[in-house]
Every structure is written in structure tokens, then in C-alpha cells.
Amino acid sequence: MTDLLIIGAGPAGLSAAIGAAGQGVMVTVIDEFPKAGGRLLGQLYQEPDGNWWNGMDLGAKLQKQAEELEVDIRCGVSVFDLTEAGDGWIVYSSKGVFRAKKLLLATGATETPLPIPGWTKPGVISVGAAQVMTNVHRVKPGNSCVIVGANVLSMAIAQELIQCGITIKGMYLPLKSPVTGHEGEPVRAFESLMSLSHLAPSYLLRKAGAFGKKINPGLSIRFFPAGGMKVGGIPIHLKTAAAEIVETGNALTVKTLKLTADGDAVKGSEGSVEADFVCISGGLAPMSELASVAGCKFKYIPQLGGHVPVHNERMQTNVPGLYVAGNITGVESAKVALKQGTVAGISAAAELIGTADELEGMIRQAIDDVVRTRAEALIQFKPGIDDARTELYREQRETEAVFS
Ligand SMILES: Cc1cc2nc3c(=O)[nH]c(=O)nc-3n(C[C@H](O)[C@H](O)[C@H](O)COP(=O)(O)OP(=O)(O)OC[C@H]3O[C@@H](n4cnc5c(N)ncnc54)[C@H](O)[C@@H]3O)c2cc1C
């Protein structure tokens with residue numbers, strides 16, 4: 001039996017492993033992907049200060065650091081079930097059963113599907129898949145691309161596709177419908193893109209964001225050009241929707257419709273745009289199924305991307321011996337996930353070796369690091385993350401005070 005089993009070898013899982021193993025705890029990390037690093041593996045972009053964020057290098061460094069602390073990292077192992085067993089946890093995986101005294105879930109986030117007519121055709125992929133093809137496997141899905149969905153994720157990945165020499169023919173909204181939800185609303189898309197102003201890898205995007213911040217989004221969208229606006233090489237169309245994707249020879253044609261500022265289709269405004277492939281982007285949601293199987297209490301927090309397992313600042317859930325870290329707790333940038341992992345790893349170690357008092361200062365400092373990193377984060381997937389977390393942790397403190 002290992003002391004601490006961590007599911008997920010992304011930035012949160014690996015930094016948790018380093019945090020716990022650094023305190024002398026025996027740690028095993030398992031991940032279903034053949035390589036450790038999680039979503040870091042696909043991240044390669046230039047930051048506003050000119051430095052490159054090379055996720056693959058960072059993943060390799062974290063793996064080395066963990067292995068030097070004798071963390072046992074096993075890739076290609078997929079967890080499908082788990083159960084609490086009195087003295088710890090039993091975890092069922094594609095490579096057999098694991099037993100652990102404590103369990104930490106760091107399973108990350110998943111892309112939200114955005115079904116539009118034609119989205120199952122060959123050549124239509126998610127933006128995350130395009131990121132993995134270009135940045136992880138170094139394969140260009142095609143020379144030109146249309147992106148459906150205008151949000152923080154699609155903008156970040158569009159910039160990466162341009163770096164790979166891919167022409168972005170246009171970024172469009174999906175048509176407003178019950179399944180496309182807020183993604184089909186021009187005002188929401190505008191708000192989402194405005195939050196990119198301070199992270200913008202391009203000077204132009206920073207300027208556009210700064211301009212947008214000065215005025216009300218509802219008003220701004222009325223003045224947004226019907227023909228779109230090119231920002232950092234990306235033609236952004238917030239008043240045109242992708243209505244359908246059809247195959248035309250070796251390419252794909254996206255049939256478009258003009259939109260009013262409220263997102264309603266304008267009759268007789270049909271158009272089309274052709275590309276080698278189409279990327280769909282509906283945003284991200286925490287991948288929290290295993291927390292649900294474990295019996296965690298959940299709360300719906302839109303700012304964090306959806307339903308999240310309720311947890312406190314130390315990353316403890318309401319289920320004894322079960323910790324969470326990274327995007328499973330709410331969709332944020334890799335830098336925040338790294339810091340959350342450290343908190344969870346040290347918290348779990350303190351509980352395992354009974355040194356909570358000795359490690360209190362370290363845990364407090366790690367929590368402060370999360371807060372500072374969040375405040376400085378260039379990528380904010382949703383507005384209001386900080387307030388939503390403050391409220392969640394305040395509620396948790398009150399609940400814990402009642403039951404202690
Ligand atoms: C498509 C996509 C693109 C993103 N792009 C960016 C970006 O450009 N910049 C940025 O800052 N953030 C980006 N993010 C957010 C990203 O999730 C965080 O940056 C960061 O990687 C989160 O770290 P994590 O450790 O919580 O999860 P992840 O890095 O996602 O790692 C989770 C790991 O858990 C493993 N796992 C999940 N379920 C199981 C299971 N049942 N059994 C075994 N293993 C399992 C996965 O294989 C994965 O390796 C992106 C997210 C996605 C989904």
C-alpha cells in the first residue's frame with residue numbers, strides 16, 4: 001500500500017507529488033496518457049514579456065524532480081472506479097488495483113462539446129485536439145482553419161496554430177440554441193475576449209481589450225463591425241455565426257449567417273467560408289467524475305467552469321482522506337494548478353505523518369502562493385474566479401466550524 005496515490009500527472013498532480021514526497025511520504029502517481037505532464041504537453045506560446053511558456057519542458061522538469069524524490073510515476077494507467085476501504089482507498093484501473101492510505105484527484109478539465117450541424121464530419125476537431133496535434137505530435141491538421149466558438153481557450157489556441165503556420169480563415173460564434181448556450185451570444189463572447197486584454201500575446205489584442213474595457217459590453221457589441229475585426233492575425237466575427245459545416249471535395253465549407261447584436265440570425269444573410277479543417281471550442285469544464293464516484297459533495301459554480309467537488313483552501317474535500325488539486329477544482333491556468341498541487345501535497349503529507357502543526361507555516365505560505373499566482377495569472381478562463389473561490393472557502397470554513 002502506498003501512502004498517497006495521485007490520479008493525474010499534470011502540473012497539479014506532479015507538484016502535489018513533489019510537495020508530499022519532499023516531506024518523506026511514499027507517493028505513486030498514475031495517468032492514462034502515455035507521458036506525464038497533462039495539458040502542459042500542449043502549451044507552447046510567447047508571453048507578453050517575450051518569454052516562451054514551454055509546457056513540455058516544464059512537464060519533463062517536474063517529472064525529473066518527482067522521480068528524484070522517489071515518486072513512482074506510472075503512465076498508460078486509466079482509473080475507472082474507486083472506493084473507500086476503512087484504512088484507505090482501493091482504486092481500480094486498466095492495469096490492476098492500487099491501494100493507498102490517502103487519495104488525491106488531479107484529473108484536470110475537459111472540453112465542453114458544442115454540437116452544430118455537421119460537427120461530426122471528418123476534419124472537424126476540438127481546439128484542444130488541434131493543440132495536441134500541433135504542439136505535442138508536431139502534426140499540422142491542415143493549412144487553413146475555421147474556429148467555431150470565441151472564448152479564452154479558442155483565442156489562446158488560435159495564436160498557437162498561427163505560430164505553426166496555419167491560416168485562421170475566421171473565428172465565428174455557433175448559432176444561438178439551447179445546446180450552444182452562452183457561446184452563441186455576441187455580448188458574452190465579447191466579455192470573454194475582453195478578459196484577454198492583459199494576457200494578450202499581441203500588442204493589438206491588448207489594445208482592443210483596453211478599448212473594450214472602457215465601454216459597456218452590450219453597447220460595444222452594437223458597434224462591433226459586422227464584417228469582423230482582425231486581431232493578431234485572427235479574423236474575429238462576433239456578429240456572424242457558423243450555421244452548418246458541409247464537405248466540399250477535400251475541404252470543409254462553413255455556412256454562415258449574420259447576427260444581430262442580440263445573436264439572432266438575419267434572414268437572407270447567408271455566406272460561406274472554406275478551410276482544410278474546422279475547430280470547435282465550447283470552453284472547459286472540470287473533469288470531476290471520480291470525485292463524484294468517491295462521494296464528494298458538489299457545488300455548481302459557473303465562474304469555475306461548472307460543478308466542482310466542494311473543498312477547502314487546503315484542498316481537502318468533505319470525504320476524509322480525499323484531496324483535490326488543479327482544474328478538477330475549477331478551470332484556471334497551469335500556473336495556478338501547479339501552486340494548488342503544492343498545497344494539496346503538503347496538506348496530505350501533514351495528515352499522513354501527523355505533523356500538521358509543524359507544517360502549518362508551509363501550508364499557509366503555499367496557500368498564499370496560490371492566491372498571488374491567481375491574481376497575476378495571464379489566463380483567466382472566466383471572470384470572477386477569485387470572488388467565487390473566496391466565497392466557497394468561506395462557506396467551507398463555516399461548515400467545518402459547525403462540525404468540529
Ligand atoms: C484543451 C485544453 C487546452 C488548454 N490550454 C491551456 C493553455 O493554453 N494555457 C493554460 O494555462 N491552461 C490551459 N488549459 C487548462 C489546463 O487544464 C491547465 O493549464 C492545467 O494543465 C491544469 O492542470 P491539471 O494538473 O489540473 O490537469 P491536466 O494538466 O489536465 O492533467 C490531468 C491529467 O489527469 C489524467 N487523467 C484524467 N482522468 C484520468 C483517469 N480516469 N485515469 C488516469 N488519468 C487520468 C489526464 O490524462 C491528465 O494527464 C487547457 C486545458 C484544456 C483541456
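Each residue takes its place number in the sequence, starting with 1. Below, each value reflects all heavy atoms present in this structure, side chains not excepted, and no hydrogens, waters or symmetry copies. We count ligands from 1, going down the list as the structure has it; atoms in each ligand are counted the same way.
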Show me a pair-per-line table, with atom names and distances to 0.1 Å, of protein N or O atoms that are under 3.5 Å from an N or O of ligand 1.
| from | atom 1 | to | atom 2 | distance (Å) |
| --- | --- | --- | --- | --- |
| ligand 1 | 9 (N) | Tyr45 | OH | 3.3 |
| ligand 1 | 11 (O) | Ala334 | N | 3.1 |
| ligand 1 | 12 (N) | Gln43 | NE2 | 3.3 |
| ligand 1 | 17 (O) | Asn327 | OD1 | 2.6 |
| ligand 1 | 19 (O) | Gln43 | NE2 | 3.2 |
| ligand 1 | 19 (O) | Ala334 | N | 2.9 |
| ligand 1 | 25 (O) | Pro11 | N | 3.3 |
| ligand 1 | 25 (O) | Ala12 | N | 3.0 |
| ligand 1 | 26 (O) | Asn327 | N | 2.8 |
| ligand 1 | 29 (O) | Arg39 | N | 2.8 |
| ligand 1 | 41 (N) | Val79 | O | 3.0 |
| ligand 1 | 42 (N) | Val79 | N | 3.0 |
| ligand 1 | 44 (N) | Glu32 | N | 3.1 |
| ligand 1 | 47 (O) | Asp31 | OD1 | 2.7 |
| ligand 1 | 49 (O) | Asp31 | OD1 | 3.2 |
| ligand 1 | 49 (O) | Asp31 | OD2 | 2.6 |

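Residues in residues 89-118 take part in these salt bridge (Lys or Arg N to Asp or Glu O under 4.0 Å) pairs, two or more places apart or across chains: Asp3-Lys101, Lys102-Glu351. Here salt bridge (Lys or Arg N to Asp or Glu O under 4.0 Å) pairs that include residues 290-311, with residues two or more places apart or in two chains, are Lys299-Glu395.
Ring centroid separation for the pair His307 and Phe298 does not come in under the 6.0 Å cut-off.
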Distance-only donor-acceptor pairs under 3.5 Å for side chains of residues 342-349, two or more places apart:
| from | atom 1 | to | atom 2 | distance (Å) |
| --- | --- | --- | --- | --- |
| Thr342 | OG1 | Leu338 | O | 3.3 |
| Ser347 | OG | Arg314 | O | 3.2 |
| Ser347 | OG | Val343 | O | 2.8 |

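Not one N or O on the side chain of Thr253 forms a donor-acceptor pair closer than 3.5 Å with the backbone of Glu274.
Each of Ile7, Leu82, Ile30 was compared with Phe98 under the side-chain contact (heavy atoms from CB on, under 4.5 Å) criterion, and only Ile30 meets it.
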